[in-house]
Amino acid sequence: MTQKPAVDQELAPDVVAQPELTGKKTLGGRLASQRVWLGCIAGILALILLPMLSDLIFGGSSDFQLHHISLIGIFILAALAQNILTGYAAQPSLGNAAFFGVSAYVLTWLSSDLGQPYWIGILAAVVVSALLGLIVGTPALRISGAHLAVATLGLVTTVGALLNFWDTTAGRQNYDLSNLPDFLNDDRTLYYFIFAIVVCLLFLSYHLLHSRVGRAWIAIRDNETAAEAFGINLTKYKLQAFVISAAMTGLAGSLYATWATTASSSMSSADQTIAFLAMIVVGGLGSLTGSILGAIFVGFLPLLLGQLPSPMVIGSFQLQISTLITGIYGLLLLLVLIFFPSGLSSLGTQAGNWLQRKPSKGGTE
Amino acid sequence: MSAFLQVVIAGLVTGSLYGLLTLGIVLIYRTTGVLNFAYGAIASLCACFMYILLTGPRLNFWIALVLTLLFSLLLGIVLERGFARPVLHAPVFTKAIATLALALVLETIAQAIWPQLAEVQHFSTPFEGQALHLGGVYLSAIDIVILVVTASLMLVLNLFLMHTRMGIAMRAMADNIPATRLMGASVGRIFMLVWALSSFLAAICGILLAGQSNLINVQFMDPILLPAFIGAVLGGLDSLPGSLIGGILVGLVSNLLAYFLAGHMLGAVDMSNPAIRDTLIFVGFVIVLLIRPQGLRGRALLRRV
Amino acid sequence: MTEVVPARSLLEIHKLTVRFGGLVAINELDLQIAEGEIFALVGPNGAGKTTVLNCISGLIKPAAGNIQFEGRELLSLPAHKRASLGIGRTFQQLQLFSSMTVLDNLLTARHTQLQAGILSGMLPFGRSKREDAHARQQAMETLTLLGLESYAQRRAGSLPFGAQKLIGVARALVLHPRLVLLDEPAAGVPPQEVQELATRLRFWQKELGTTLLLIEHNMRLVQAVADRVCVLDYGSKLAEGDPKTVLSDPAVLEAYLGRGASKAVQQEGVSHVEG
Amino acid sequence: ACGGSDSNTTTAASAPGVSNDTITIGAVLDTTGPLKVICAPILAGDQLYFDKINAAGGINGRKVKLVQVSDDGVSTKTKGAVRQLFEQDNAFALFQVCGSGNANVAESYISAKKIPFVDPIGGGAKFKDAQGKALPWVWMTQPNYGDEGHVIGYYLTNKQHAKKVGLLYEDDVLGLQQKTTLGETLQKNGAQLVASVGYSPTQPDFTAAVQTLKASHPDVIVLNGLPGPTAKFVAAATSQGYHPAMGYLANYPMADNSWAKVLGPAGEGMYVSGYTSTTSPVGQEYLKATSSDAAFSAYKFYGYINSKIFSDALTKAGKNLTRDSLRDALDHDFNNYDTGFGPSLTWTPDKHGGVSDFMFLQIKKAQLTQVSDFIKASQVGQ
Amino acid sequence: MLKVEQLHVGYGSLEVLHGISFDVPEGAIVAILGSNGAGKTTLMRALSGLIPIKSGKIDFAGKAVGRLVAEKRLREGLALVPEGRDLFGSLTVRENLLMGAYTRRSRTEIEQDIERILERFPRLKTRLQAHAASLSGGEGQMLAIGRALMSHPRLLLLDEPSHGLAPIIVETVFEVIEQLNREEGLTIVLVEQNAHQALEVAHTAYILQSGSIVLNGEATTLTANSAVQELYMGG
Ligand SMILES: Nc1ncnc2c1ncn2[C@@H]1O[C@H](COP(=O)(O)OP(=O)(O)OP(=O)(O)O)[C@@H](O)[C@H]1O
Ligand SMILES: Nc1ncnc2c1ncn2[C@@H]1O[C@H](COP(=O)(O)OP(=O)(O)OP(=O)(O)O)[C@@H](O)[C@H]1O
Ligand SMILES: CC(C)C[C@H](N)C(=O)O
Ligand SMILES: [Mg+2]
Ligand SMILES: [Mg+2]
């Protein structure tokens, strides 16, 4: 886990048409960016129409299915946050689940124990996460690579243990997030609420990553020394990445508590935090689409696999699927990593390349 | 006093086990730059294999041991071929996550073929119940074995890695795989050796751990993986002696803390709570890293421009 | 070429010493670089040239000595602040932002001249987009000036070595810095382009008043552009002065140029580029 | 939105999940996560019993269909699992959620929807509200750890004449309550809890715990928690040559032969508290049905007998099965009900707690053997 | 000794070399010249096996090596000094040299060779225990050349060996090239920006432009060619 950039620069093919990085001057670029826009609009429309589709397909259990789908939204936020930190600013931090857990507890504490309004709780959760990000980011400036990864992994399990300690000393068996605003008790509005946030943050992140700040992060990822020599304040930008990532993960964490109506110390666990990293690796480091694809794959696939009938009857043979789910998931994960070593988003890029080549062939140039 | 000594000795033994575990982790890290999250699963798979040999065909302990070590070499080779080779050129993060996926797969396989090992089982060794009494201190035979095996493996391995042709090539590979090829070194073969070796080490570690607690199940390595990682990083990740020192430090400190904090309250907070102990260890670890970011024995990353 | 008497020093290095473990890489070095001149630093491999540059741009903390830029002490400033004073540089081993396009490399180099922070960066309109558009235009101008405009949208890491070298130069110049530190810009650049490079460096110096500190083993380039040359050996100054004199100094021939090279340099009579 | 509480069954039957020929019931049992060791055998026991019932014609003419979902043992996933049972799989009632915290998450859902929930598996699960009033939709069968602490304290002092007792406990709902009640009863009976050490389930090393307990020279050490960690503790003590004068006594999650086997030679003579006896007819019936199993599993037996209790409740609720009729049956028809595993069980609208009688077992030749009669917590505690 | 026919090579979908053919007789020094991006480095990578070839043939000493992996080609006697040096940064200078001798067995011979290389590049002697990552640009280049020589190749591929070297060392390098060729019969393929010196030592030369060979001939003839002078020798 050294800080080498994700792509083998020496021998990697020239990705001319990486729509996320190139400007918009060329004809191909313009077409690509039009396509990006069309894609976005189509995506948003699909999100709006999904509940109705779900009604058609699932009938009575539609709300429950939407509730499941909302989870993807929460994971997209978390993956996006991890990607900003790791895929762009190149900090191999495994600490995000700590923010995820802490924010859930802050929200629950404020609203269940102290009876504060939900919105205050969310706000406080995000602010506390951001502060925590600052606190974690400061030592992370000195520690790098695998050392940072292990240290932050330690942070996550320590925070998990402390949250659990709080639970036990407070004598509670589970931490109920009870007094939610009414509309969030409704699966459909919760769905719209979560995805509205997701779309907004994707939109804002897209611009941020293409702005001066985003370029500074990528510069740090590609070459810290050169970045510094060109006036990029490493301390400031790394800290900013930590804080933004922490705040976003905090938002995801408090939404998760809202979604599950409970906070649990297992939210700050090694499994959870590695899942966040797995999301962006599977999806694609340094790619927004990667965050989305990764969240779907890592966050949702196990749930889908859990829906497989168990025991599965194949002829006369009974397969106890439920005991194999973890392994099946691991195997699928492995296959994706082998066939898409730089993430599922490279699939998109390849398709994009192909799409882009076509019009310019018959085009005016 | 003897209780204190006992705690120190136990800390050393646990620490050595962490250290032993880190040897294989560091070996793979130094040759591929990857933290191998599947290491615990490999160790447990091998130890489980031995358990099956001991309880199924009821083989003699030593025969089972030899067979298990052979199995571990084979396992290493199979894993390298089937798993590590296809991701050899993938980015570091991809490799790290792939080891995680591998761990999931291995654990599932072990559980599917040996369902009884989903639960904790008794793992017996010829050392069980044997011990040395030194004054008031009690040193069990398996602890002595652990200390001796760890120390000698570390020495041999370090000599190998620092001074043999193959050892140098392994380190070279971590820097630059294409260039290693250009030197005529068969990267595939070295890589296979690395995996065989580290799986061999994992097997030893798994067996010793199971032998020490006389307990085994498919996931019995999980709780010691993180302390072992912490030990390895504390030591510097790129030095075998360093990682052993790091491992011992973690084992020792956590035992001593547990011993000294027992029964103490800080206001309403019970200081003997494991969460408090883990937190203190973690904070200490971070402080050491802040003072020496490269770890106690590690070398700072050098990048010239 | 007449001796340029430095009227006003832009950069003053005083008793600079750098050690790496037991190795003394630079030993009590004094250097003055005048505003607007092209100053070449040459010397055998491992003499400490790159180390001097790294001290100026803040990547290495020297053991002793001080460096003043326009009378301002540099060593107490963190590396990233020095760029905003107007110091640009290239690197011996490229160090481009290799996953970015060439244009984005140049935009990133203009970091200190842009303002946008997180909040304005997140918005699809407003200051961030405005200043980016402007910076992009300026970057294109720089690329055009150096004849590199066709590379603008290519991923920097995939370009041939020589091209990357020149893009490194473009990246250093795009900010219009007061002082540019060039570490072997001509290495890997084909001879015919070296001539062009010389012309362009002169242009930059003459038209834009940029001061250049140039490390080079390519004596054609040094002869073509340098106003003054300093030869470094084992971290100390071996000779300093105008290129002709210095490069025919027997000690320099002995330690650095060798007989063949000096012969070549003298016989071929490289055209000195003037503006 | 609509939610799943309204009936949308297409058959003429009376309640969701109940059709003319089947009753669908849901269970959240962690068969994939950390509680797998306990939940998987419980599920096997459930299935064994329901298969038997179904083969005999079902309950009031309806077959029982058990739908099990795993929440990976993680309480944030429990709600999703429960919702799946009721909103997707259209279950009639909730039978078993494994883990105290998880059961509590399930409780908030089923209470709001007025769904009966029988047998939360966890000695720390909620069945009373803050005012001590029974939660209207939850029925416990299992004893709670607090009661057990009283009985263990009583047994150690009155039957074994221990004076100084040490305690290893799991530092969460499994242990904290028991630590208190054990201490109280010991004190009341002239003995003392001389040291108590908490552990966390993932703790890799127990040496210091051993030394701390050893330093206070207890006559006996009580082991509270889960099979794995407590076995680790015993192994660590043994490898340091330590054995408390009067040995160990473990609480009921360890009342399983698999645990005795894990301990190996070190386990000989150890006491374990338990509340399920196989000497009853149901126990014998179970033993016969599982005679091909390698070893007796108390967890599987637990699943079996609880399925029986639940089936009895369904039977008592009558042919016209609704959630309310089931609730009525649970509240009124379980008066001194013979559980079939020893203790009797009484549920009233005001009392939804489980059994509170314990007996003690001893490991003899790696087998648990009953060595005491049932002792009622209500007689020894308070 | 080396025979290349109709070689097509590229990166991903981009083709860089469009059917290159040439011959390197045993004992010859062949220079390959060309401007930036002509494909010289790509050619060297393809010859040494660092990147796969799309089509065409590479015969080395009568054996088809075009599909062999890099390590097998080295074992056949084909060594490369890569562009950008590709040192093992975390290994010491000495260990880098030892890596160069990976395929060789005799300890004493290896030690002798290390001695010989240190004599040629005395600058390395003082840095023997330093990590390669700490070397200056030129020191690193010397090490890269030394390392390649340690394998006792039959054919040495040099990708801009004079890169970053002080003039006096460039001289040494070319001396060494000539000497190895003369005394040990080492065959050499040389890519250089320094066309003057390359043509001085080379027997024949090929000129590469946009991935195709546009000109070839005796080194002396090419030196006299005005177009070559204009384009590759800086007028
Ligand atoms: N970080 C470092 N650690 C150890 N030694 C170093 C370090 N940086 C430089 N050196 C050593 O200091 C000396 C000077 O190096 P420097 O890079 O300044 O040389 P240079 O004059 O630029 O040489 P070249 O012309 O070959 O690039 C070299 O011997 C080099 O090995
Ligand atoms: N990793 C890569 N991915 C994509 N294209 C590449 C890659 N490496 C080189 N190229 C392209 O291949 C072509 C030939 O490059 P090559 O490096 O072989 O040139 P060269 O002749 O060695 O140039 P130079 O003299 O600058 O070293 C160039 O157009 C370059 O952009
Ligand atoms: C079946 C029981 C032993 C489970 C245990 N009581 C728990 O709380 O998780
Ligand atoms: Mg240099
Ligand atoms: Mg090249």
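Every chain is numbered from 1 and lettered A, B, ... according to where its sequence line falls, protein lines coming before strand lines.
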Taking side chain as everything from C-beta outward and backbone as N, CA, C, O, which of these in D/Gln84 sits under 4.5 Å from a heavy atom of chain A? Side chain, backbone, both or neither.
both
How long is the span from the OG atom in A/Ser266 to the NZ atom in D/Lys77, to the nearest 0.5 Å?
8.0 Å
To the nearest 0.5 angstrom, please state how far the CD atom of D/Glu107 sits from the CG atom of A/Asn174.
9.0 Å
Distance check, rounded to the nearest 0.5 Å: A/Phe64 atom CZ versus D/Leu85 atom CG?
8.0 Å
Contact winner vs chain D - A/Thr261, A/Thr326, A/Thr169, A/Asn185, heavy-atom pairs under 4.5 Å:
A/Thr261
First locate atom OG1 of A/Thr262, then atom CG of D/Asn102, and finally report the distance between them rounded to the nearest 0.5 Å.
9.5 Å
Need one label for D/Ser108: side chain, backbone, both or neither, based on atoms under 4.5 Å from any heavy atom in chain A.
side chain
A/His68 NE2 to D/Gln88 CD distance, which is reported to the nearest 0.5 Å:
8.0 Å
D/Lys79 atom NZ: more than 12 heavy-atom contacts under 6.0 Å:
yes
Should we say atom CH2 of A/Trp109 is surrounded by more than 12 heavy atoms from elsewhere, each under 6.0 Å from it?
no
Salt-bridge contact D/Arg83-A/Asp187 (side-chain N to carboxylate O under 4.0 Å):
yes
Part of A/Phe58 lying under 4.5 Å from any heavy atom of chain D:
neither
Partner chain A: residue of D/Val74, D/Val105, D/Thr31, D/Val69 with the largest heavy-atom pair count (under 4.5 Å)
D/Val105
Using side chain to side chain contact (heavy atoms under 4.5 Å, CB included), reason through D/Thr76 and A/Met267 one step at a time and then give a plain yes or no.
CA-CA 8 Å; D/Thr76 47; A/Met267 289 173 70; 4.1 Å; yes
